[in-house]
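The block underneath contains the structure these notes are about, expressed in structure tokens.
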Amino acid sequence: MPSRGEVVAVHGLWNRGPELFVLRRNLERALGLPVAQFRYSTMDSGLDEVVEALGEFVAARPGPEVHLVGHSLGGLLVLNALLAGGLPRGRAVLLGAPVNGSAAAAGAARWPFAPRLVGSLLPEALERAPYPAPVDRDVGSIAGDVGVGVGRLVCRFAGPSDGTVAVAETKLPDRPHYRLRATHTGLLFSREAAEAAARFLRSGRFVP
């Protein structure tokens with residue numbers, strides 16, 4: 001188990017903080033480490049700007065290790081920060097992050113009001129998909145497969161999904177992947193998801 005340092009949690013699109021309360025509490029209980037939160041504007045910021053701010057936030061944390069947990073768009077920001085390099089050592093877990101692109105986002109983009117609805121940050125992050133895995137970092141992905149969510153309104157998923165992101169869209173090449181029964185938002189409140197994330201942050205594995 002990580003015995004020093006802390007965890008930084010990164011929220012997703014349209015979120016600002018309170019929705020991560022349960023996840024942060026469950027991670028703190030499972031790991032015995034403090035969990036800080038990185039906040040950013042999901043609608044009015046550019047990708048490079050937010051990734052730079054996340055890197056600075058992580059680098060300023062006390063202790064020699066900083067572990068990262070990102071949900072959805074937050075997972076893409078975590079991955080971009082890791083790929084940019086220069087962060088303290090530590091592991092990372094991505095929750096429902098569309099690292100291979102997003103059929104739901106592509107479907108929504110056909111709507112005339114889409115830019116006002118999602119802003120530019122998410123499209124910028126998805127333009128870089130599919131993402132490679134960082135070569136110098138343990139990174140694992142968690143996916144939900146309860147297909148209830150807004151994504152069902154704008155696309156037809158080819159396989160299992162959490163209602164917003166397809167399971168296949170969350171898989172980094174040659175990296176650990178964990179699938180559980182949860183919706184996209186439900187990943188934030190799932191004790192199983194938090195416990196799986198904690199196991200990975202401790203050992204680099206989702207299973208004991």
Side-chain angles (χ1 to χ4, degrees), residues 2 5-31 33-63 65-99 102 105 115-129 131 134 137 139-142 144 149-150 162 164-165 170 182-190 193-194 197-198 200-201:
E6 65 180 277
V7 179
V8 170
V10 186
H11 61 79
L13 185 66
W14 301 320
N15 299 153
R16 288 308 299 262
E19 57 286 326
L20 288 188
F21 173 78
V22 174
L23 175 65
R24 291 173 60 193
R25 182 188 62 186
N26 287 337
L27 287 172
E28 287 174 346
R29 288 176 175 173
L31 290 168
L33 294 178
V35 180
Q37 182 166 331
F38 174 72
R39 292 179 171 85
Y40 62 99
S41 171
T42 69
M43 299 293 293
D44 304 317
S45 304
L47 179 59
D48 291 338
E49 170 193 354
V50 177
V51 170
E52 181 179 0
L54 174 58
E56 292 173 352
F57 183 86
V58 172
R61 308 320 298 167
E65 296 179 343
V66 182
H67 307 279
L68 303 172
V69 178
H71 176 250
S72 194
L73 172 58
L76 299 185
L77 298 178
V78 165
L79 197 50
N80 274 279
L82 293 176
L83 291 168
L87 298 186
R89 66 178 181 267
R91 297 187 173 101
V93 173
L94 315 179
L95 298 170
V99 298
S102 170
R116 286 192 224 170
L117 183 65
V118 303
S120 62
L121 181 56
L122 177 62
E124 281 188 64
L126 289 172
E127 283 179 3
R128 300 185 182 181
Y131 281 86
R137 195 72 58 146
V139 181
S141 301
I142 295 177
V150 296
D162 63 13
T164 300
V165 177
T170 67
T183 64
H184 191 66
T185 301
L187 289 168
L188 296 175
F189 304 96
S190 167
F200 188 87
L201 297 182

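Atoms OG1 and CG, from T42 and L122 in turn, are 9.0 Å apart once rounded to the nearest 0.5 Å. With rounding to the nearest 0.5 Å, the separation of CG in L33 from CG in L201 is 8.5 Å. Interatomic distance, OH of Y40 versus CG of L73, reported as 4.0 Å (0.5 Å rounding). For the atom pair NE2 (H71) and CG (L77), the distance works out to 12.5 Å, reported to the nearest 0.5 Å. For the atom pair CG (D48) and CD (E124), the distance works out to 7.0 Å, reported to the nearest 0.5 Å.
Minimum interatomic distance between A30 and A198 (heavy atoms only, all atoms of both residues): CB-CB, 3.6 Å. Between P34 and G5 the shortest heavy-atom distance is CD-O, 3.8 Å. In terms of heavy atoms, A194 sits closest to N26 at CB-CB, 3.5 Å. For S45 against L121, the heavy-atom pair with the smallest separation is O-CB, 3.6 Å. When all heavy atoms of L54 and A81 are compared, the pair lying nearest together is CD2-CB, 3.9 Å. Closest of all the heavy-atom pairs between A97 and G75 is CB-CA, 3.9 Å.
Put simply, the side chain of S190 never gets that close to the backbone of G186: no donor and acceptor are under 3.5 Å apart. Judged purely by atom type and a 3.5 angstrom limit, R24 uses its side chain to pair as donor or acceptor with the backbone of V35. Panel note: side chain S141, backbone T170; a donor-acceptor pair is recorded below 3.5 Å. A donor-acceptor pair is defined here as one N or O able to donate and one able to accept, closer than 3.5 Å; no such pair exists between the side chain of R137 and the backbone of L82.
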### side-chain contact (heavy atoms from CB on, under 4.5 Å) assessment of H67 paired with L31
CA-CA 11 Å; H67 307 279; L31 290 168; over 6 Å; no
### Task
Check the pair I142 / L94 against side-chain contact (heavy atoms from CB on, under 4.5 Å), numbers first and verdict last.
CA-CA 6 Å; I142 295 177; L94 315 179; over 6 Å; no
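Side-chain contact check for V22 versus L188: every heavy-atom pair is 4.5 Å or farther apart. Residues V66 and R89 form no side-chain contact, since every pair of their non-hydrogen atoms from C-beta on lies 4.5 Å or further apart. Residues P98 and L76 meet the side-chain proximity criterion, which asks for heavy atoms closer than 4.5 Å. Counting only heavy atoms from C-beta outward, the side chains of L87 and L68 approach each other to under 4.5 Å. Residues V139 and R91 form no side-chain contact, since every pair of their non-hydrogen atoms from C-beta on lies 4.5 Å or further apart. Contact check for L95 versus L23: side-chain heavy atoms found under the 4.5 Å cut-off.
Aromatic rings from F38 and H11 are positioned such that their centres are separated by 6.0 Å or more.
With sequence neighbours left out, the salt bridge (charged side-chain N to carboxylate O under 4.0 Å, His left out) criterion links R61 to E6.
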